[in-house]
There are 2 protein chains.
Amino acid sequence: MTTLSDIIEKYILNTIQESNKGEILLKRTDLSGKFSCVPSQINYVINTRFTIERGYIVESKRGEGGYLKIVRIPVTETKIYLNKIQEETKSTITAEGARGFLNRLEEENIISKREKNMIWQLLKDESLPNDKDNKGYYRLKMLKNLIAYLIKEEEKK
Amino acid sequence: MTTLSDIIEKYILNTIQESNKGEILLKRTDLSGKFSCVPSQINYVINTRFTIERGYIVESKRGEGGYLKIVRIPVTETKIYLNKIQEETKSTITAEGARGFLNRLEEENIISKREKNMIWQLLKDESLPNDKDNKGYYRLKMLKNLIAYLIKEEEKK
DNA sequence: TTAGATATGGTCAAATATAGTCAGAGAAGG
DNA sequence: CCTTCTCTGACTATATTTGACCATATCTAA
């Protein structure tokens with residue numbers, strides 16, 4: 001069974017393909033108009049199909065001149081490695097876990113010592129919400145976005 | 001996808017560039033005339049784009065002979081600049097404010113483009129708690145810890 | 001000297017244009 | 001059935017544009 005979400009997904013994939021830049025700009029309402037659905041369905045497609053795990057980064061802007069920007073992260077060896085690390089983490093990560101992870105990235109020469117230190121300033125307990133559970137959750141979210149970026153950068157080499 | 005505000009911003013940036021002094025004098029009504037908009041839109045552009053986080057100071061004078069003066073902050077002493085920013089930030093900072101600030105750090109060669117991008121991954125809205133008020137609070141906390149680190153590093157030189 | 005006229009710029013809230021979230025209804029597959 | 005995925009719409013968040021009203025500096029005429 002092909003759902004509307006599948007069709008929208010294919011359309012977006014196709015558009016990215018044709019762009020030859022691995023990146024596109026869309027207007028949410030244009031898309032929902034084209035497929036005669038509510039705008040929030042576009043969010044649904046993006047949230048379920050164009051995730052970091054699948055290799056996409058999505059940015060957006062609201063208001064006049066608003067847009068959706070979908071960027072494809074290309075695949076390489078490094079990406080596979082980083083993905084593996086990413087998979088190892090569960091749904092939350094402790095300060096110690098994050099620190100260990102950053103150390104590992106440094107050991108693998110994926111980031112420098114200085115970069116590690118800078119990132120640590122943002123991930124350490126003192127920087128985050130004073131909320132035991134959510135702390136680990138957001139720390140992981142931040143880390144995942146960082147990894148997605150690193151994957152994209154590695155690909156440029 | 002480009003708004004009038006973006007166009008006005010580019011025009012001002014360009015004018016500053018051409019002046020070779022990192023500083024310009026404008027008449028608000030001249031600008032609003034040039035771009036066929038209400039005068040207050042110029043204030044909007046200035047308030048959202050030429051902020052202290054992005055490295056600008058704006059002065060003005062009303063009445064006959066009134067003007068807008070936009071000054072690009074020249075930074076010679078990195079530490080002084082960092083301290084100033086740290087003092088000036090209030091109790092919260094928006095994603096845009098943080099981005100502008102990071103761009104500024106990059107322009108001043110305090111951090112690299114890569115470092116900026118990495119840090120951005122942790123500070124952007126998508127990485128933080130979905131909580132309108134606290135988002136800005138924690139973003140600022142993270143940034144301040146980063147600045148503290150950078151100041152310490154600068155001192156080592 | 002000073003009050004009023006004139007010339008600017010500033011503030012703020014409403015109107016408009018987008019996009020995001022979330023919970024619940026509906027559909028498809030086991 | 002039961003679960004999971006999809007679809008929808010009401011409500012929310014944010015960026016831009018506009019205009020009515022406010023504040024201040026300078027000039028001018030009494």
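Basis for what follows: all heavy atoms, side chains included, without hydrogens, waters or symmetry-related copies. Convention: sequence-line order gives letters A, B, ...; per-chain numbering from 1.
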Do [X] side-chain and [N] base share a donor-acceptor contact under 3.5 Å?
{"X": "B:S60", "N": "C:dG9", "result": "no"}
{"X": "A:R62", "N": "D:dA15", "result": "no"}
{"X": "B:S40", "N": "D:dG19", "result": "yes"}

Give a yes/no on whether any side-chain N or O of [X] is located under 4.0 angstrom from OP1 or OP2 of [N].
{"X": "B:K27", "N": "C:dA7", "answer": "no"}
{"X": "B:K61", "N": "D:dT26", "answer": "yes"}
{"X": "A:R49", "N": "D:dT6", "answer": "yes"}
{"X": "B:S5", "N": "D:dA15", "answer": "no"}

With a 4.0 Å cut-off, would you call [X] and [Y] a salt bridge?
{"X": "B:E53", "Y": "B:R99", "result": "no"}
{"X": "B:R49", "Y": "B:E96", "result": "no"}
{"X": "B:K69", "Y": "B:E23", "result": "yes"}
{"X": "B:R72", "Y": "B:E107", "result": "yes"}
{"X": "B:R114", "Y": "A:E115", "result": "yes"}

Value in whole Å for how far the [atom2] atom of [N] lies from [atom1] of [X]:
{"X": "A:I7", "N": "D:dC5", "atom1": "CD1", "atom2": "P", "value": "19 Å"}
{"X": "B:D125", "N": "D:dT12", "atom1": "CG", "atom2": "P", "value": "19 Å"}
{"X": "B:K124", "N": "D:dT14", "atom1": "NZ", "atom2": "P", "value": "17 Å"}
{"X": "A:E59", "N": "C:dG20", "atom1": "CD", "atom2": "P", "value": "12 Å"}
{"X": "A:I70", "N": "C:dA19", "atom1": "CD1", "atom2": "C1'", "value": "13 Å"}
{"X": "A:N47", "N": "C:dC22", "atom1": "CG", "atom2": "C1'", "value": "12 Å"}
{"X": "B:F35", "N": "D:dT17", "atom1": "CZ", "atom2": "P", "value": "12 Å"}
{"X": "A:D6", "N": "D:dT6", "atom1": "CG", "atom2": "P", "value": "6 Å"}

Select one nucleotide: of [options], the one nearest the side-chain heavy atoms of [X].
{"X": "A:Y44", "options": "D:dT8, D:dC5, D:dT17", "value": "D:dC5"}
{"X": "A:R28", "options": "D:dT17, D:dC7, C:dA19", "value": "C:dA19"}
{"X": "B:V38", "options": "D:dG19, D:dT8, C:dG9", "value": "D:dG19"}

Inset, instruction - Please tell me which of B:G65 and A:V45 maps to the more 5' nucleotide of DNA chain D, matching each residue to the nucleotide holding its nearest heavy atom. - result: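 Per heavy-atom nearest nucleotide, the more 5' residue is A:V45.
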Inset, instruction - Indicate, with a heavy-atom threshold strictly under 4.0 Å, whether B:L4 touches base, sugar-phosphate, or nothing. - result: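 If one applies the 4.0 Å heavy-atom cut-off, B:L4 turns out to touch the sugar-phosphate alone, with no base involved.
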Inset, instruction - Using a heavy-atom cut-off of under 4.0 Å over every strand shown, decide if B:G66 touches base, sugar-phosphate, or nothing. - result: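 Contact class for B:G66: sugar-phosphate only.
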Legend entry - B:I52 vs B:I73 side-chain heavy atoms within contact, under 4.5 Å: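 Yes - at least one pair of side-chain heavy atoms lies under 4.5 Å apart.
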